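Counting from 1, the numbers follow the sequence of the chain as shown. Bear in mind that the values here come from a model prediction, so they are computed numbers and not experimental data.
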Amino acid sequence: MNIRRTAPRPTGIRGIRGARGTRRLPGLLAVTAFGVLLSGCGIRATEVPTDFGPAPSRVRCSQAEAGGAAQPARGLPVRVFLLCGSSLMAVDRTVRVPEGAADSGQRRALVAQGLLDQLSAPPTPAEKEAGYTTNVRGGMAVSGPRSDDPEDALRLSTAPGSLTSYALAQIVCTFSDSAAAEGDGSVVLGGQDDGPPRRYRCTDEVRARPGGTEPPSTAVTEG
């Protein structure tokens, strides 16, 4: 009589693990093949989610965002140039000018002083939210022309050459766009020394890059 021998069944823990490992092999092969396909498509497989955090906030620099500031009920509507990011942007303000100015030169100086005060004032909460700042320091004064100056000249208590390029750009662009100037896009500025004033212009380059482009100026010789 022939007796058929059969292989003994795996017993114990090692035998069970070996059987399970055999059954899991096709699944592992499928996962590996899927990873190879992803690599071939240029997609890197990952086992954990990746979180780089929220996108960086964008400085709005929007006149609409800064327009929520309350303004005095009466006064002269003006625009002052503040810093937003790396550029100059105009915001609406109001300047109070006393009635009965003796002449146009005095009125021009009063408007210029009001503009300086607005430039040196801290931005309103709405302007801060929109990203606006100023580089003009408080306490600066402005006066009208001297006897040998052009009639549209303005003398600052701080010499223009002593100002930062940002502050000078803010002042020049604000003055040249207001009743403090003649309306030709320029303004004549000097200090309190005996040096002659110079005519400064606000250009597109100055408004775009006030930190790297100083307002161009020319000497003024006529009195």
Side-chain angles (χ1 to χ4, degrees), residues 54-71 75-95 108-109 111-142 150 152-191 195-220:
S57 60
R58 179 174 60 87
V59 177
R60 289 185 290 272
C61 300
S62 168
Q63 174 62 41
E65 294 288 343
Q71 300 294 346
L76 178 67
V78 295
R79 296 197 311 164
V80 298
F81 281 84
L82 301 181
L83 295 168
C84 197
S86 59
S87 304
L88 291 182
M89 300 288 290
V91 297
D92 294 329
R93 296 285 181 85
T94 302
V95 170
R108 186 180 294 111
V111 172
Q113 185 63 60
L115 293 172
L116 271 182
D117 294 341
Q118 289 292 326
L119 285 172
S120 62
T124 65
E127 291 165 352
K128 287 182 179 179
E129 180 66 21
Y132 289 87
T133 60
T134 183
N135 203 250
V136 179
R137 300 294 176 250
M140 193 182 308
V142 59
D152 59 342
L154 296 169
R155 291 275 181 172
L156 301 176
S157 59
T158 301
S162 300
L163 299 171
T164 66
S165 60
Y166 291 103
L168 182 59
Q170 285 185 257
I171 293 173
V172 168
C173 290
T174 298
F175 282 6
S176 64
D177 189 48
S178 72
E182 292 296 326
D184 62 349
S186 69
V187 60
V188 179
L189 296 178
R198 298 181 65 85
R199 184 174 296 277
Y200 294 85
R201 294 187 178 277
C202 178
T203 64
D204 292 339
E205 290 77 11
V206 171
R207 287 188 291 267
R209 294 182 298 276
T213 305
E214 291 191 357
S217 64
T218 56
V220 177

Restricting to non-hydrogen atoms, name the atom on [X] and the atom on [Y] that form the minimum distance, rounded to 0.1 Å.
X: Ala112; Y: Leu154; result: CB-CD1, 3.8 Å
X: Ser165; Y: Glu214; result: CB-CG, 3.9 Å
X: Val188; Y: Pro197; result: CG1-CB, 3.7 Å
X: Gln113; Y: Met140; result: NE2-O, 3.2 Å
X: Ala208; Y: Ser87; result: O-OG, 3.2 Å
X: Thr133; Y: Pro123; result: CA-CG, 4.0 Å

[X] side chain near [Y] side chain, heavy-atom distance below 4.5 Å:
X: Arg79; Y: Val91; result: no
X: Val206; Y: Pro216; result: yes
X: Leu82; Y: Leu88; result: no

Here the gap from Thr94 atom OG1 to Gln118 atom CD, rounded to the nearest 0.5 Å, amounts to 7.5 Å

Separation between OG1 of Thr124 and NZ of Lys128, rounded to the nearest 0.5 Å |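 Atom-to-atom, Thr124:OG1 and Lys128:NZ are 8.5 Å apart.
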
The complete set of salt bridge (Lys or Arg N to Asp or Glu O under 4.0 Å) pairs with one or both residues in residues 152-176, sequence neighbours excluded, reads Asp149-Arg155, Asp152-Arg199

Pair up each side-chain donor or acceptor in residues 169-176 with any protein partner under 3.5 Å, not counting sequence neighbours, and list the distances.
residue: Gln170; atom: OE1; partner: Asn135; partner atom: N; Å: 2.8
residue: Gln170; atom: NE2; partner: Phe81; partner atom: O; Å: 3.0
residue: Gln170; atom: NE2; partner: Thr134; partner atom: OG1; Å: 3.1
residue: Thr174; atom: OG1; partner: Phe81; partner atom: N; Å: 3.0
residue: Thr174; atom: OG1; partner: Gln170; partner atom: O; Å: 2.7
residue: Ser176; atom: OG; partner: Val172; partner atom: O; Å: 2.8
residue: Ser176; atom: OG; partner: Cys173; partner atom: O; Å: 3.3

| said: Pair Leu116, Leu156 - check side-chain contact (heavy atoms from CB on, under 4.5 Å), show working. | reply: CA-CA 10 Å; Leu116 271 182; Leu156 301 176; 4.1 Å; yes

- Between Leu115 and Ser178, does a side-chain contact (heavy atoms from CB on, under 4.5 Å) hold up when you go through it step by step? CA-CA 9 Å; Leu115 293 172; Ser178 72; 3.2 Å; yes

message = Would the distance check show the side chain of Thr213 and the main-chain N or O of Pro210 forming a donor-acceptor pair, the cut-off being under 3.5 Å?
response =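 No, Thr213 side chain to Pro210 backbone: no donor-acceptor pair under 3.5 Å.
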
